There are 2 protein chains.
Amino acid sequence: MANGRVTVIDIAKAAGVSKSTVSLVLQGSPLVNEGTRTKVNAVMRDLGYVYNRGAANLRQSSAKSKIIGVVVNDLTNSFFAELAVGIDLVVQDAGFVQFLANTSESLDRQTEVIASMREHGISGLVVSPARGSRAIDFKALVSAGMPVVAVVRPVPGAKVSSLMSDNHTGMFAAVEHLAKLGHTRIAFFGGFEDTAIFQERLAGYRDGIAAAGLGYDEGLVFACAPSRAEGAKAVARAMAADDRPTGGVCFNDAVAFGVYDGLRARRLEPGVDFAIVGFDDVIEAGTSVPALTTIAVDPQGMGRRAAQLLLKQINAGKAEAEAVVTPVRLVVRESCGVNRMKPGRRSA
Amino acid sequence: MANGRVTVIDIAKAAGVSKSTVSLVLQGSPLVNEGTRTKVNAVMRDLGYVYNRGAANLRQSSAKSKIIGVVVNDLTNSFFAELAVGIDLVVQDAGFVQFLANTSESLDRQTEVIASMREHGISGLVVSPARGSRAIDFKALVSAGMPVVAVVRPVPGAKVSSLMSDNHTGMFAAVEHLAKLGHTRIAFFGGFEDTAIFQERLAGYRDGIAAAGLGYDEGLVFACAPSRAEGAKAVARAMAADDRPTGGVCFNDAVAFGVYDGLRARRLEPGVDFAIVGFDDVIEAGTSVPALTTIAVDPQGMGRRAAQLLLKQINAGKAEAEAVVTPVRLVVRESCGVNRMKPGRRSA
DNA sequence: CTTGCAATTTGGATCGATCCAAATTATCCG
DNA sequence: CGGATAATTTGGATCGATCCAAATTGCAAG
């Protein structure tokens with residue numbers, strides 16, 4: 001109490017026991033007598049004691065720091081914000097707190113924050129890697145035995161666990177949906193070609209095209225930054241061509257909304273003159289006009305699962321890398337032609 | 001090195017100096033000889049040394065923990081995600097890391113995470129308080145001398161610093177804009193009536209109405225949850241009335257987009273049949289159709305300023321509560337009637 | 001009223017870095 | 001070269017909790 005900070009020793013003195021006993025109470029040990037426990041707890045409350053985890057961690061393995069790191073490539077993207085919220089939910093319930101850092105796709109930033117988190121003694125890390133991340137960026141962590149879960153994007157070659165959405169199946173289903181509606185010229189909009197996700201989704205698109213008995217046409221693939229503004233430009237390019245598509249699948253919902261914009265700029269009405277399927281199912285997908293048919297990924301659910309996977313590894317003590325693929329599902333709304341539903345019923 | 005963890009003592013041994021010297025190197029002290037410093041640094045690199053801040057903090061004041069806490073009421077709202085990003089930017093540059101927790105407006109969660117952060121030794125806290133937060137919720141922190149900055153929402157009676165946007169002036173400007181365009185029946189949509197922000201914005205609306213020489217009509221105020229879905233319902237109520245408004249200001253952009261939806265449901269075109277002004281200037285405001293005229297708040301900028309304010313107080317050592325109001329500005333786009341601009345030029 | 005055994009409690013030693021006073025080494029100058 | 005001064009370096013002591021072996025207490029049986 002001397003300098004304002006209350007320690008176990010102050011509690012011990014005030015409660016008439018030893019600091020060891022106070023420590024046992026703090027840990028909820030069954031060894032301590034019920035009466036003693038009650039008194040110690042009362043004294044702690046009276047003196048306004050604040051547990052000092054830093055001091056405790058000094059004697060314990062870092063697995064007990066009750067801190068996990070979360071590194072995200074773009075928190076301004078609501079997909080990743082949802083992901084972070086999902087993680088937060090689970091870790092809070094487990095009594096952990098999270099260091100959350102945003103890298104804005106900067107590898108340097110990513111390296112810095114991971115180093116900083118290590119210094120602070122995180123028990124594990126969930127990371128949505130910045131573009132261009134390499135296995136070596138996580139080498140130090142892995143060889144120190146720290147559990148690491150990569151989400152959304154894979155890190156080729158790294159011995160870390162991963163949690164990815166089923167990009168191939170999702171895009172396959174999107175194409176299948178358009179093909180069933182009778183579309184024969186289906187475009188693919190958006191995404192950076194040098195990313196693994198793009199390749200997975202493109203492969204799903206190709207396989208979907210093939211499964212529908214249509215011919216794959218490279219000229220119908222319009223890659224671009226996965227943003228709304230670029231999506232609008234991409235569809236403009238598509239519609240300027242000779243043999244126009246009549247519908248398209250998009251790398252993500254942001255691109256899909258950009259396609260809306262681009263169509264309207266040409267006086268075409270999305271969902272009427274052109275069929276669109278998104279990917280992600282962000283919140284706005286359900287409220288936009290027309291409501292967007294899309295592949296639902298449930299980022300918050302992914303966040304929860306990633307956190308659970310990480311906590312499992314932390315508790316197990318050993319970081320056995322495992323790869324999990326989370327299912328996605330097609331949510332049919334109105335952007336491929338209005339399909340009226342009873343109000344109040346959600347689309348499956 | 002015994003159990004895998006490298007400590008200052010291992011470094012000292014390997015470099016042939018004392019642990020004190022290693023410590024001085026770690027702190028970048030000018031007392032240590034340049035040659036020694038180089039050698040020690042080299043050894044640290046070779047052995048893969050990881051600084052243990054927990055141990056260091058034990059001997060230092062909590063102001064040097066290099067951790068700040070960030071508590072946000074709703075991270076799924078992109079406004080707050082941007083805010084968090086702004087904070088992150090500044091604290092990362094200052095060599096801090098942030099604990100980021102989402103409360104989902106739950107006071108219990110808020111209390112829990114703040115307690116947890118305290119145990120982990122944060123140097124200060126930026127909080128966007130959950131609805132219904134009271135001064136007592138921050139009492140313990142404040143009396144422990146911890147710097148606290150409340151952002152976006154005030155905490156009545158709490159002796160904490162605050163950083164608020166200029167809600168009154170913003171809404172005043174919004175009303176003024178509509179009045180200048182000739183609107184005489186201007187509605188107010190959205191927001192919870194029991195919040196301080198709602199009251200501030202409503203006051204700005206009233207004063208704007210008065211300044212324009214129009215009469216205040218309580219029947220034109222349509223409070224509701226500040227969400228897109230509720231905004232749509234609110235405008236439906238407004239248009240069902242006898243003496244309809246011809247334009248409206250919205251509690252935030254989400255409500256404004258809801259108003260778009262509600263108008264379209266009645267076959268009215270926003271920006272043509274009805275003028276709308278939002279509040280916040282979220283990213284979608286610039287890309288929606290029609291582009292939304294709104295009051296720009298710049299949440300990322302607020303985050304940066306909040307972080308700077310907090311860091312200033314942490315470095316000063318004493319938490320002198322101060323209140324900062326950040327300016328807002330009207331961004332005119334197309335939702336109050338199209339005003340064409342040269343393409344490529346951004347609206348001011 | 002012992003003895004034996006289980007239930008509680010306790011005093012160092014310890015984790016990894018910092019701090020401080022004191023020791024050591026280097027440098028300078030008459 | 002000696003003594004003073006400046007530049008470096010260093011050995012405990014310390015932060016606040018945990019761990020462990022050892023001590024103490026409680027209680028029932030003999």
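Small disclaimer: the values here were computed from a predicted structure and weren't measured. Just so we're on the same page: letters track the sequence lines, and every chain starts at 1.
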query = Among B:V126, B:V127, B:L100, whose side-chain contact (heavy atoms from CB on, under 4.5 Å) with B:V71 holds?
reply = B:V127

B:L58 side-chain proximity, nearest of D:dA17, C:dT18, D:dC15 = D:dC15

inquiry  = Strictly below 4.0 Å, N to O, side chains only: are B:D194 and B:R131 in salt-bridge contact?
reply    = yes

ask   = Does a side chain donor of either B:D108 or B:S106 reach within less than 3.5 Å of an acceptor in the other side chain?
value = no

key: Distance, rounded to the nearest Å, where B:N57 contributes CG and D:dT14 contributes C1'   = 15 Å

inquiry  = Closer than 4.0 angstrom, basic N to acidic O: yes or no for A:K159 and A:E320?
reply    = no

task = Quick one, give me the B/S/- string for nucleotides 23-28 of chain C, reading 5' to 3', where B means a protein heavy atom under 4.0 Å from the base and S means that only happens at the primed atoms, P, OP1 or OP2.
result = ------

remark   = From CZ of A:R5 across to C1' of D:dA17 the rounded distance in Å is 11 Å

A:E119 CD - C:dG16 P separation (whole Å) = 15 Å

task = Starting at atom OH of B:Y51, determine the distance to atom C1' of C:dA17, rounded to an integer number of angstrom.
result = 7 Å

request  = State plainly whether the residues B:R304 and B:E82 are in salt-bridge range, i.e. N to O under 4.0 Å.
outcome  = no

Whole-Å gap separating C1' (C:dT18) and CG (B:N52) = 12 Å

key: Between OG on residue B:S116 and CZ on residue A:R53, distance to nearest 0.5 Å   = 6.0 Å

salt_bridge(B:D93, A:R109) N-O dist < 4.0 Å = yes

query = Within this structure, what is the CE-to-P distance between A:M44 and D:dG16, rounded to whole angstrom?
reply = 16 Å

ask   = Would you call A:R118 and A:E112 a salt bridge, taking side-chain N to carboxylate O under 4.0 Å as the test?
value = no

query = What string of B, S and - do you get for nucleotides 8-13 of chain D, 5' to 3', if B is base contact, S is sugar-phosphate-only contact and - is no contact with any protein heavy atom under 4.0 Å?
reply = SBBBBB

Under 4.0 angstrom between B:Q27 side-chain N/O and C:dC19 OP1 or OP2 = yes

query = Within this structure, what is the CD-to-C1' distance between A:Q60 and C:dT14, rounded to whole angstrom?
reply = 13 Å

inquiry  = Going by the rule side chain to side chain donor-acceptor pair (under 3.5 Å), which residues pair with B:T103 if we only count those two or more places apart in sequence or in a different chain?
reply    = none

note = Rounded to whole Å, CG of B:D10 lies from P of C:dG16 at a distance of 8 Å

